[in-house]
**Q** 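Structure provided below as structure tokens; questions to follow.
The first residue in the sequence is number 1, and the count goes up from there. Predicted, not measured: the structure shown is a model, and the values here were computed from it. Atoms within each ligand, like the ligands themselves, are counted from 1 in listed order.
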Amino acid sequence: MKKVAVLTSGGDSPGMNAAIRAVVRKCIYHNVDVYGVMYGYQGLIEGHIEKLEIGSVGDIIHRGGTKLHSARCEDFKTEEGQRKGINELKERGIEGLIVIGGDGSFRGAEKLSEKGFPCIGVPATIDNDIAGTDYTIGFDTALNTIIDAVDKIRDTATSHERTYVIEVMGRDAGDLALWAGLAAGAESILIPEKEDDFQDVVTRLHRGRERGKKHSIIILAEGVASGIEYGKRIEEATNLEVRVTVLGHIQRGGSPTAFDRVLASRLGAEAVNILLAGESGIMVGIRNNRIVADDLSQVLSTKHIIEEKMFDLSKELSI
Ligand code: ADP
């Protein structure tokens with residue numbers, strides 16, 4: 001293989017740039033030409049493809065977002081869109097593609113592999129919702145952004161003796177809320193994987209107040225309920241003064257943590273190794289600090305599950 005392309009797709013996440021850098025530098029290290037596809041699959045269909053050099057990825061390892069930009073593209077879900085994309089690559093003599101993104105992006109990569117175009121997936125999403133890898137690129141940074149915000153909110157919650165509901169990202173996956181809740185010592189954590197036990201939330205608040213607690217923090221994943229509505233429910237049920245903060249898109253940006261940069265560098269480099277070894281339809285991941293490779297079909301047909309013991313522990317520690 002002498003020419004390889006890389007793209008970022010779907011929701012962006014901090015560390016995507018470090019992964020692009022690793023792909024580009026590893027290709028050049030192996031004397032392979034590397035091309036960047038701009039704007040994900042949309043740019044692929046439109047032939048928005050540029051050759052990248054060593055210097056193209058200089059000074060980006062510490063930057064959030066993605067230098068290649070990202071986009072969502074409905075046309076790529078069609079056979080015609082996928083064929084167009086393959087043609088754009090083949091016209092330039094490109095023989096393999098590395099897709100940095102989440103599970104939606106991997107479905108696109110799987111389709112290309114099925115059509116005979118070699119594709120490797122690199123998991124990058126703040127949600128940490130992909131099976132086969134302990135961590136996805138961007139999760140650690142988003143988690144630290146949340147903790148930074150919660151610590152600040154805690155200061156004012158203590159000053160004013162308030163209860164705070166903090167809504168974090170996670171439509172279907174509760175990892176961010178679970179890890180943030182445990183790291184911030186939240187009274188209650190509400191995640192989509194667990195049935196909302198409203199009475200338990202209320203009981204914990206009352207119990208805390210009875211023993212003189214000045215403030216309470218509840219971490220709510222967006223997939224469970226709207227923070228605003230949940231806050232109202234709690235206020236009505238407890239008569240406590242409740243404030244709500246919806247963290248929103250600050251969770252997706254920012255300079256990647258050292259963990260995410262290292263993870264992105266390792267996964268990006270391994271994606272190149274695997275592609276050059278002639279494999280296709282594979283996702284690289286990390287398990288027990290070892291870089292691993294699994295079939296995309298297996299990854300996409302397996303549901304990511306939360307660490308149940310961490311959820312139980314959060315309850316035990318916030319008595
Ligand atoms: P993420 O990769 O972050 O999960 P999306 O679910 O939005 O993000 O998917 C990103 C893009 O991947 C979509 O806009 C589309 O172009 C492509 N994609 C998603 N699902 C499929 C599919 N079933 N077949 C082909 N392409 C898909």
**Q** Say whether Gln42 and ligand 1 are in contact under the criterion: heavy-atom distance to a ligand atom below 4.0 Å.
**A** no

**Q** Under a 4.0 angstrom heavy-atom cut-off, which atoms of ligand 1 come close to Phe76?
**A** 16 (O), 25 (C), 26 (N)

**Q** What residue and heavy atom of the protein are closest to atom 26 (N) of ligand 1, and at what distance?
**A** Gly108 CA, 3.4 Å

**Q** How far is atom 11 (C) of ligand 1 from the closest protein heavy atom, and which atom is that?
**A** Ser9 OG, 3.6 Å

**Q** Check this for me - ligand 1, Glu74, N or O atoms closer than 3.5 angstrom, yes or no?
**A** no

**Q** Among all the protein's non-hydrogen atoms, which is closest to atom 23 (N) of ligand 1, and how far away is it?
**A** Arg107 CB, 3.6 Å

**Q** Taking only heavy atoms of Gln82, which atoms of ligand 1 are found under 4.0 Å from at least one of them?
**A** 25 (C)

**Q** Less than 3.5 Å apart, any donor N or O on the side chain of Asp175 or His304 sitting next to an acceptor on the other?
**A** yes

**Q** Quick one, Leu240 and Ile234 - any side-chain contact, counting heavy atoms below 4.5 Å?
**A** no

**Q** When you compare the side chains of Arg252 and Ser13, does any donor N or O come within less than 3.5 Å of an acceptor on the partner?
**A** no

**Q** Are Thr125 and ligand 1 in contact, using a heavy-atom cut-off of under 4.0 Å?
**A** no

**Q** Let me confirm one number: the CG-CG distance from Leu52 to Leu68, rounded to the nearest 0.5 Å.
**A** 6.5 Å

**Q** Does either side chain, that of Thr257 or that of Asp140, offer a donor lying less than 3.5 Å from an acceptor on the other one?
**A** yes

**Q** Just need the protein heavy atom nearest to atom 6 (O) of ligand 1, so name the residue and atom and give the distance.
**A** Gly104 CA, 3.4 Å

**Q** Is the contact between Arg72 and ligand 1 made by the side chain, the backbone, both, or neither, using heavy atoms and a 4.0 Å cut-off?
**A** both

**Q** Out of curiosity, Arg243 CZ to Tyr164 OH, how far, rounded to the nearest 0.5 Å?
**A** 6.5 Å

**Q** Of Ala124, Ser105, Gly10, Gly40, which has the heavy atom at the shortest distance from atom 2 (O) of ligand 1?
**A** Ser105

**Q** Does any donor atom in the side chain of Arg266 or Asn289 lie under 3.5 Å from an acceptor atom in the other side chain?
**A** yes

**Q** Could Glu74 and Lys77 be called an ion pair, given the rule that one side-chain N must be under 4.0 Å from one carboxylate O?
**A** yes

**Q** Are Ile60 and Val6 linked, directly or through other ILVMFWY residues, by side chains that come within less than 4.5 angstrom of each other?
**A** yes

**Q** Aromatic contact between Phe259 and Phe139, with the criterion being ring centroids under 6.0 Å apart: yes or no?
**A** no

**Q** Could you say whether the N/O atoms of Ala71 and ligand 1 ever approach to under 3.5 Å?
**A** no

**Q** Can you report which non-hydrogen protein atom sits closest to atom 15 (C) of ligand 1, along with the distance?
**A** Cys73 O, 3.3 Å

**Q** Identify the protein heavy atom lying closest to atom 3 (O) of ligand 1, giving its residue, its atom name and the separation to 0.1 Å.
**A** Gly11 N, 3.2 Å

**Q** Taking both backbone and side-chain atoms of Gly101, is any N or O found less than 3.5 Å from an N or O belonging to ligand 1?
**A** no

**Q** To the nearest 0.1 Å, how far is atom 24 (N) of ligand 1 from its closest protein heavy atom, and which atom is that?
**A** Lys111 NZ, 3.6 Å

**Q** Counting each atom of ligand 1 from 1 as listed, which ones have a heavy atom of Tyr41 under 4.0 Å away?
**A** 12 (O), 16 (O), 17 (C)

**Q** Examine the side chains of Ser255 and His62 and answer whether a donor and an acceptor come within less than 3.5 Å of each other.
**A** no

